[in-house]
Each structure stands twice: as C-alpha cells, then as structure tokens.
Amino acid sequence: MGCFFKQLYHLVADNRLHAVIVIVGTAVTMTFVMMVVMVYDFRTADIAPESDRSRTLYTALGKISAKDGTNIESGMGRLPFETLFADCPGVEAATWSGYLGTSPCAMTSGGEQTRLFVKDVPVNWFDFFDYTFIAGRPFAEAQYDGPAREAAISQSAARRLSKGDAADMVGREIYVNFRPVRVTGVYDDVSPILQKAYADVLLPFGAEGNARDGLSGRRLGVLKLSPGADRDEVEREIARRESMLNSMCRDNKFHMERLYDQVEYTFFRDEMINANLVYGLLLAVLLLVPAMGLAGLINAQMQTRLGEIAIRKAYGADNIGIMWRLFAENFVETLAGGIIGYIGACVLVWLCRDWIFGEISGDAVITAAMVGRPVIALYVVGASVVFTSVVTLVPAWMAARRNIALTLKGND
C-alpha cells in the first residue's frame with residue numbers, strides 16, 4: 001500500500017496539469033451532484049425529530065359530503081380519525097395536528113408582539129416525534145374542552161420572546177394570539193425543512209365540534225407503519241373501515257382521498273410524477289455528461305503509459321490487475337475532487353437555502369448535524385466510485401488489452 005501511494009505521488013507530481021484538471025473537473029461535478037443529493041436527503045431521510053420518515057404516511061384532506069354527493073367540504077374530525085386509524089393492523093402509532101399558521105406572541109398582554117409559527121397537537125405528538133427538550137417537558141394533559149392553557153416552545157422562540165436565556169422561560173406565562181398560556185418546556189430548534197415537526201410554538205389540540213355527524217374537523221393525520229408492514233394491506237383495511245364508518249352515519253359520508261409516503265408528500269404531491277425517477281435522471285445527467293468529457297483526457301494520459309503497462313504485463317500482471325491499479329489511481333484523484341465538491345455543495349446549499357427550499361414555512365435552516373451525517377459521506381464515496389468507473393474503465397480496458405511486444409516496439 002505504501003508503494004502504491006509513493007508511485008501515485010510521483011505520477012501526480014510528473015503530471016500536475018492533468019491532476020489539477022481531473023480534480024477540479026470532478027469537484028465542480030460533485031458540487032452539483034451533492035447539492036441534488038442533499039436536497040433530496042434533507043427532505044426524505046430519517047432525521048430527528050422526524051426519525052421514522054421511511055415508515056411514515058400522511059393523510060390527505062378528507063372529503064365530507066351529504067349522502068347524495070352535495071354539500072362538500074374538506075376536513076377530518078375525531079370520529080373518522082379514530083375509526084380509520086385507531087388499533088389499525090400494520091399501524092404502530094397514529095397522531096395528528098392542526099394547521100400550521102402564524103400568531104402574535106408576547107410576554108405580556110400588552111407587550112411587544114412577535115409573530116411565530118404555531119401548531120396545535122395532541123399529547124402523543126411528543127411520543128411520535130423525537131423532540132429534544134433543553135428545559136422542562138412537553139405538556140402532559142389533553143385539553144379538548146376549551147382554549148389551550150399550556151405550551152411548549154422552541155429555543156429560538158424562547159430567546160426572541162424573553163430576550164434572555166431560553167431555559168428561563170419554563171413556568172412563565174406568555175400570550176399566544178392574545179390568550180395566556182404557561183410554558184411547560186423548551187425544545188431544541190427544528191428546521192422548517194422538517195415540515196411536519198416544525199413549529200415555534202406547540203399548543204394542545206383544542207376542542208372539536210360534532211358537526212356533520214361528527215365527521216367535520218381539522219385533523220391532519222400522521223401514521224407510523226409497523227416494521228415490515230405492507231402499505232397496500234394497511235390502505236385496504238382503512239378503506240374497509242371507511243365503508244363501515246359511512247354505513248353508520250345518518251346524513252353524511254366521509255372519504256379519505258389517499259395516503260402519502262414521505263417522498264410523495266414532499267415532492268409533486270397529487271401529480272403523476274415519480275420523484276425518485278426525476279432525481280435519478282438528474283443525477284445521471286450530472287454525473288455521466290462530465291464523466292464522458294473527462295474520459296477522453298484520461299484515455300490520452302493512459303496512452304503515455306502504454307510502455308509502463310506493457311512492462312507490468314511482461315512481469316506477470318494480468319489485465320484485471322492492471323485495470324484495478326489504474327482505477328485505484330484515478331479514484332484517489334476523484335475522491336479528492338469529491339471531497340472538495342462536497343464542501344462546495346455545503347456552502348452553496350447554505351447560501352441558496354431560501355431559494356432551494358422556498359416553499360417551506362419559515363426561514364430554511366441547515367444545521368451541521370444535517371450535512372455531517374455519515375450517510376452523506378457514503379454518498380460522496382459512492383458518487384466518486386461511479387464517476388471513476390465511467391471515466392476510467394473503458395480507457396483502462398483498452399490500454400490493458402494491447403499486445404505487449406508491439407507496444408514495446410512502438411508499433412501499436
């Protein structure tokens with residue numbers, strides 16, 4: 001191994017311009033490749049507090065109508081939610097929330113107001129999502145009988161309101177939409193990119209009416225599938241329960257349009273477009289087009305090494321061994337370019353975050369924990385392997401298969 005890197009050092013030193021072109025070309029390519037990878041990963045990977053995105057399903061807005069199909073409205077109340085999802089086979093947990101919106105918040109009833117993103121959620125919301133509380137605890141009691149009396153708030157929201165230490169907010173009273181609530185806990189900030197768990201202020205879910213045979217409401221459901229559960233079977237069971245629910249309703253009926261997984265919920269919702277295919281094709285173009293351009297440069301450089309390759313074959317090296325060595329030499333340069341490209345992608349994603357994630361609520365926040373996850377490093381290595389394979393294998397195969405005698409004579 002030491003001999004390999006020593007020879008590689010001398011090879012790079014003797015061909016500095018070639019090495020610079022390969023590394024810079026790879027770095028530029030990897031910058032754009034990793035930007036695409038990061039955007040997709042941040043929106044779909046299991047990242048706390050949305051630690052089980054790969055097993056999560058999201059409900060569409062339910063449709064409520066009269067039995068004859070008239071008087072249609074959207075929504076979902078307590079009755080359809082519990083009938084469809086409670087103790088459903090294949091569903092490990094089910095929770096819901098109200099709509100995310102902004103509300104004026106202040107430390108006193110007449111104090112300076114700050115508009116924050118507020119969402120009302122049930123108690124089991126904090127079991128479903130992995131919030132990290134830096135002080136205090138979640139609110140522990142459901143309050144379906146009236147206005148909220150407690151709240152959990154994010155660290156940044158606590159600092160904005162108190163103008164001081166966030167932890168000191170626990171136990172204090174704040175005003176949310178001009179109503180007093182007591183802060184029970186302060187949780188670590190959640191990036192708005194994690195669109196379901198994100199909120200500055202979490203309030204207990206409020207009282208629900210009994211309109212439209214109890215079907216009407218504003219619940220947005222979130223389901224966590226059991227490990228190994230079959231989504232199709234879960235959806236068939238939900239459809240069966242829906243039919244049972246409608247048979248018991250007197251004047252109205254309820255219909256759950258569909259369930260979304262994380263990718264469907266995030267990209268092209270309700271459009272007949274496969275997000276995985278779109279991103280796959282985009283990555284293929286970003287990788288293959290520059291790679292084919294660099295392949296010509298690599299091939300030209302290998303022509304200058306035909307004598308060296310012929311001597312290695314004369315001393316017993318086989319074609320596979322020679323191709324592997326050529327691949328390894330170019331992989332080191334490609335990986336160096338990949339690391340530079342990864343750093344460049346981190347910088348560009350951070351600088352362009354509001355444009356890239358422009359459709360989210362709140363200002364896009366990219367944390368070190370998100371870009372520093374080990375799987376991102378694996379993506380860099382994987383992209384470098386693919387890039388090196390495209391750039392190197394065909395030129396290496398052409399060089400390795402040449403006739404030894406003719407190559408040494410300079411006739412081939």
Side-chain angles (χ1 to χ4, degrees), residues 20-48 50-51 53-54 189-198 261-269 271 273-295 297 330-392:
V20 168
I21 293 174
V22 171
I23 292 174
V24 172
T26 303
V28 172
T29 299
M30 290 299 174
T31 296
F32 291 101
V33 167
M34 289 309 300
M35 283 184 68
V36 174
V37 169
M38 285 181 183
V39 170
Y40 186 85
D41 180 78
F42 295 165
R43 301 300 298 269
T44 61
D46 294 341
I47 301 175
E50 297 181 0
S51 304
R53 280 170 157 181
S54 56
D189 287 342
V190 177
S191 172
I193 297 172
L194 308 175
Q195 53 188 333
K196 183 55 69 171
Y198 168 72
D261 62 22
Q262 181 65 36
V263 175
E264 294 165 344
Y265 185 75
T266 304
F267 303 107
F268 311 119
R269 197 182 309 176
E271 301 289 341
I273 302 175
N274 188 316
N276 292 324
L277 178 61
V278 171
Y279 272 82
L281 291 174
L282 180 58
L283 286 175
V285 171
L286 289 174
L287 271 174
L288 297 181
V289 173
M292 288 186 289
L294 280 178
L297 179 64
N330 283 278
F331 177 72
V332 173
E333 293 181 349
T334 300
L335 185 60
I339 294 171
I340 297 172
Y342 163 67
I343 296 171
C346 291
V347 173
L348 285 178
V349 168
W350 186 81
L351 291 175
C352 303
R353 62 193 183 279
D354 290 328
W355 175 71
I356 294 173
F357 302 102
E359 77 282 6
I360 64 175
S361 301
D363 297 326
V365 177
I366 309 293
T367 65
M370 294 170 69
V371 300
R373 292 163 48 244
V375 69
I376 299 295
L378 292 178
Y379 290 146
V380 174
V381 175
S384 298
V385 169
V386 173
F387 193 80
T388 306
S389 299
V390 176
V391 167
T392 305

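A quick note: this is a predicted structure, and the numbers were derived from the prediction, not measured.
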Quiz item: Is there side-chain contact between Met34 and Cys346, with at least one heavy-atom pair below 4.5 Å?
Solution: no
Quiz item: Looking at Ile340 and Ala27, what are the two nearest heavy atoms and their distance?
Solution: CG2-CB, 3.9 Å
Exercise. Before giving the answer on side chain to side chain contact (heavy atoms under 4.5 Å, CB included), spell out for Val391 and Thr334 the whole-Å C-alpha distance, their side-chain angles and the decisive distance to 0.1 Å.
Key: CA-CA 10 Å; Val391 167; Thr334 300; 6.0 Å; no
Quiz item: What residue pairs, at least two apart or across chains, pass salt bridge (charged side-chain N to carboxylate O under 4.0 Å, His left out) with a residue in residues 366-389?
Solution: Asp41-Arg373
Self-check item: From Lys196 atom NZ to Gln262 atom CD, the distance as rounded to the nearest 0.5 Å
Solution: 10.0 Å
Quiz item: Phe267 and Tyr40: ring pair (Phe, Tyr, Trp, His ring centres under 6.0 Å), yes or no, with the steps?
Solution: CA-CA 9 Å; Phe267 303 107; Tyr40 186 85; 5.7 Å; yes
Exercise. State, with a plain yes or no, whether a side-chain heavy atom of Leu194 is found less than 4.5 Å away from one of Arg53.
Key: yes
Quiz item: What pair of heavy atoms forms the shortest contact from Ser191 to Tyr198, and how long is it?
Solution: O-CB, 3.8 Å
Exercise. Can you tell me which residue pairs pass the salt bridge (charged side-chain N to carboxylate O under 4.0 Å, His left out) test with a partner in residues 286-295, sequence neighbours excluded?
Key: none
Practice problem: Using a 4.5 Å cut-off on heavy atoms from C-beta on, say whether the side chain of Trp350 contacts that of Val371. | Solution: no
Quiz item: Closest approach of Leu294 and Thr26, non-hydrogen atoms and distance?
Solution: CD1-OG1, 4.1 Å
Practice problem: Check whether any side-chain heavy atom of Glu264 sits under 4.5 Å from a side-chain heavy atom of Asp261, and report yes or no. | Solution: yes
Quiz prompt | Euclidean distance, Met30 CE relative to Tyr379 OH, rounded to 0.5 Å | solution = 14.5 Å
Self-check item: Over all atoms of both residues, closest heavy-atom pair of Ala345 and Thr31
Solution: CB-O, 3.4 Å
Exercise. Tell me, with the steps shown, if Val33 and Leu283 meet side chain to side chain contact (heavy atoms under 4.5 Å, CB included).
Key: CA-CA 6 Å; Val33 167; Leu283 286 175; 3.9 Å; yes
Quiz prompt | Atom pair CG/CZ of Leu286 and Phe32 - distance to nearest 0.5 Å | solution = 8.5 Å
Quiz item: Are any non-hydrogen side-chain atoms of Phe357 and Ile366 less than 4.5 angstrom apart?
Solution: yes
Quiz item: Is any side-chain heavy atom of Arg43 closer than 4.5 Å to a side-chain heavy atom of Gln195?
Solution: yes
Exercise. For Tyr279, enumerate each residue passing the side-chain hydrogen bond (donor to acceptor under 3.5 Å, both in side chains) test, keeping only those at least two apart in sequence or located in another chain.
Key: none
Self-check item: Non-hydrogen atoms of Ser384 and Phe331 that approach each other most closely
Solution: CB-CE1, 3.8 Å
Quiz item: How many angstroms lie between atom CG of Leu348 and atom CE of Met38, to the nearest 0.5 angstrom?
Solution: 10.0 Å
Quiz prompt | Atom pair OG1 (Thr29) and CG (Leu287), whose distance is rounded to the nearest 0.5 Å | solution = 7.5 Å
Quiz prompt | Separation between CD1 of Ile23 and CG of Leu335, rounded to the nearest 0.5 Å | solution = 10.0 Å
